Colleague: 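Got a structure for you, questions after.
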Amino acid sequence: MATNYATVTWDQLHRDARQLAEILIPRGPFKGIVAVTRGGLIPAAIIAREIDCRLIETVSVVTYDEEEQGQPTVLKPPVAAGDGEGFLIIDDLVDSGVTAQIVRQLLPKALFACLYAKPSGKPLTDLFVVEVPQDTWVLFPWDTAPLFIPPLARKGSTAA
Ligand SMILES: O=P(O)(O)OC[C@H]1O[C@H](OP(=O)(O)OP(=O)(O)O)[C@H](O)[C@@H]1O
Ligand SMILES: Nc1nc2[nH]cnc2c(=O)[nH]1
Ligand SMILES: [Mg+2]
């Protein structure tokens, strides 16, 4: 389990994805985007809109169950992207870098970009927006929901 948590809101994610799109434009144009599902799907959709790219392929890699890291499994290969030449790979984040390494092996000629990078995964990315400490678990907007919390003054009160 992580020691710390960092919550990313929809607004923040949108801003970070637009910032990544801005630094990607001079590296393009791209034939298409390969989104690493599931986490890369929403960032890829935002970036596709900004860089004006309509061809989206997916690669599905399952590595985590909740916060538990397991053996990575490729559920769907990115067949439409060939060896990756001219393609851009988008994921939400790199943590250990295992997922990025597998995707890079499948698409050796593609550019790999993500929004957030922890130190272990950083060397596996070509571009990212924000570095996150290794001991921090990023909570994406799709992982969370607003929750009622009682006012501080009522803390410890037995009243509902
Ligand atoms: O660098 P790593 O240690 O490999 O971790 C990063 C990967 O972990 C998460 O995916 P996850 O396996 O949880 O699947 P999901 O995207 O379908 O939620 C995240 O979306 C990255 O793809
Ligand atoms: N949501 C989420 N998924 C991950 N998969 C690997 N690391 C992380 C993380 O920090 N947050
Ligand atoms: Mg993922």
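We're numbering straight along the sequence, starting at 1. We count ligands from 1, going down the list as the structure has it; atoms in each ligand are counted the same way. Please read these numbers as outputs of a predicted model, since none were measured by experiment.
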Colleague: Taking 4.0 angstrom as the limit and counting only heavy atoms of Gln69, give me the atoms of ligand 1 inside it, by number and element.
Modeller: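 Counting from 1, the qualifying ligand atoms are 3 (O).
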
Colleague: With heavy atoms of Gly97 as the reference, note each atom of ligand 1 found under 4.0 Å away.
Modeller: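 Going through ligand 1 atom by atom, the ones under 4.0 Å from Gly97 are 1 (O), 2 (P), 3 (O).
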
Colleague: Side chains of Asp95 and Gln69: is there a donor and an acceptor less than 3.5 Å apart?
Modeller: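 No, because no side-chain N or O of Asp95 sits under 3.5 Å from a partner of the opposite role on Gln69.
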
Colleague: Ignoring hydrogens, tell whether any protein atom lies closer than 4.0 Å to atom 10 (O) of ligand 1; use the non-hydrogen atoms only.
Modeller: no

Colleague: Under a 4.0 Å N-O cut-off, is there an ion pair linking Asp91 with Arg38?
Modeller: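 No, Asp91 and Arg38 are not salt-bridged.
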
Colleague: Which of the atoms in ligand 1, numbered in the order shown and given with their element, are less than 4.0 Å from a heavy-atom of Asp92?
Modeller: 19 (C), 20 (O), 21 (C)

Colleague: Can you list the residues that meet the side-chain contact (heavy atoms from CB on, under 4.5 Å) rule with Pro133, with sequence neighbours excluded?
Modeller: Asp135, Thr136

Colleague: Heavy atoms only: which of Glu68, Lys118, Gln69 is nearest to atom 10 (O) of ligand 2?
Modeller: Lys118

Colleague: Salt bridge (Lys or Arg N to Asp or Glu O under 4.0 Å) for Asp126 and Arg104? Distances and angles first, verdict last.
Modeller: CA-CA 11 Å; Asp126 292 308; Arg104 275 183 173 285; 2.9 Å; yes

Colleague: With side chains defined as the heavy atoms from C-beta onward, is the minimum distance between Phe112 and Phe128 less than 4.5 Å?
Modeller: no

Colleague: Taking non-hydrogen atoms only, is Leu93 closer than 4.0 angstrom to ligand 2 via side chain, backbone, both or neither?
Modeller: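 Leu93 to ligand 2: side-chain contact only, backbone stays beyond 4.0 Å.
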
Colleague: Do Thr7 and Phe140 have side chains that get closer than 4.5 Å, going by heavy atoms?
Modeller: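 No, too far: nothing below the 4.5 Å cut-off.
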
Colleague: With a cutoff of 4.0 Å, is Gly121 in contact with ligand 1, counting heavy atoms of the residue only?
Modeller: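 It does not; every heavy atom stays at 4.0 Å or beyond.
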
Colleague: Is there at least one pair of N or O atoms, one from Val94 and one from ligand 1, spaced under 3.5 Å apart?
Modeller: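 No, there is no polar N/O contact under 3.5 Å.
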
Colleague: Return yes or no for this condition: an N or O of Phe140 is under 3.5 Å from an N or O of ligand 2.
Modeller: no

Colleague: Specify the protein heavy atom at minimum distance from atom 5 (O) of ligand 1: its residue, its atom name, and the distance to 0.1 Å.
Modeller: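 For this ligand atom, the closest protein heavy atom is Tyr64 CE1, 3.2 Å.
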
Colleague: Are Tyr116 and Asp16 linked by a side-chain donor-acceptor pair shorter than 3.5 Å?
Modeller: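 Present: a donor and an acceptor within the cut-off.
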
Colleague: To the nearest 0.5 Å, what is the distance between NZ (Lys31) and CD (Glu85)?
Modeller: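 Spacing of NZ (Lys31) from CD (Glu85) equals 5.0 Å.
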
Colleague: For Asp143, which part has a heavy atom under 4.0 Å from ligand 2: side chain, backbone, both, or neither?
Modeller: side chain

Colleague: Determine whether the side chains of Gln12 and Arg15 contain a donor N or O and an acceptor N or O closer than 3.5 Å.
Modeller: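 On atom types as modelled, these side chains qualify, holding a pair under 3.5 Å.
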
Colleague: Are any of the side-chain nitrogens in Glu57 or Lys76 under 4.0 Å away from the carboxylate oxygens of its partner?
Modeller: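 The answer is yes: the pair qualifies as a salt bridge.
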
Colleague: Which atoms of ligand 2 sit under 4.0 Å from any heavy atom of Asp95?
Modeller: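 Result: 6 (C), 7 (N), 8 (C).
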
Colleague: Determine whether any heavy atom of Gln101 lies closer than 4.0 Å to an atom of ligand 1.
Modeller: no

Colleague: Looking at Glu131 and Lys118, is there a salt bridge between them, counting it only when a charged N and a carboxylate O are closer than 4.0 Å?
Modeller: no

Colleague: Tell me, please, which residues at least two apart from Ala113 pass side-chain contact (heavy atoms from CB on, under 4.5 Å).
Modeller: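 With sequence neighbours excluded, Ala113 shows a side-chain contact (heavy atoms from CB on, under 4.5 Å) to Leu20, Leu24, Leu88, Ile90, Leu127, given in chain and number order.
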
Colleague: May I ask you to check if ligand 1 and Leu93 share an N or O to N or O distance below 3.5 Å?
Modeller: no

Colleague: Checking contacts here: is it the side chain or the backbone of Asp91 that comes within 4.0 Å of ligand 1, counting heavy atoms only? Could be both or neither.
Modeller: side chain

Colleague: Can you pull out the closest protein heavy atom to atom 14 (O) of ligand 1? Residue, atom name and distance to 0.1 Å, please.
Modeller: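 Sorting protein heavy atoms by distance from atom 14 (O) of ligand 1 puts Val61 O, 4.1 Å first.
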
Colleague: Could you check atom 4 (O) of ligand 1 against the protein and tell me its nearest heavy-atom contact, residue, atom and distance included?
Modeller: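 Going by distance alone, atom 4 (O) of ligand 1 is nearest to Thr99 OG1, 2.5 Å.
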
Colleague: Considering only protein heavy atoms, which is closest to atom 16 (O) of ligand 1, and at what distance to one decimal place?
Modeller: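 That would be Gly39 N, 2.9 Å.
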
Colleague: Report the nearest protein non-hydrogen atom to atom 11 (N) of ligand 2: residue, atom name, distance rounded to 0.1 Å.
Modeller: Val138 O, 2.8 Å

Colleague: With a cut-off of 4.0 Å, which atoms of ligand 1 are near a heavy atom of Arg38?
Modeller: 15 (P), 16 (O), 17 (O), 18 (O)

Colleague: Using distance alone, with no hydrogens and no angle criterion, decide if Ser96 and Ser120 have a side-chain donor and acceptor under 3.5 Å apart.
Modeller: no

Colleague: Which residue holds the protein heavy atom closest to atom 4 (C) of ligand 2, what is that atom called, and what is the gap in Å?
Modeller: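 Going atom by atom, the protein heavy atom closest to atom 4 (C) of ligand 2 ends up being Trp137 CH2, 3.3 Å.
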
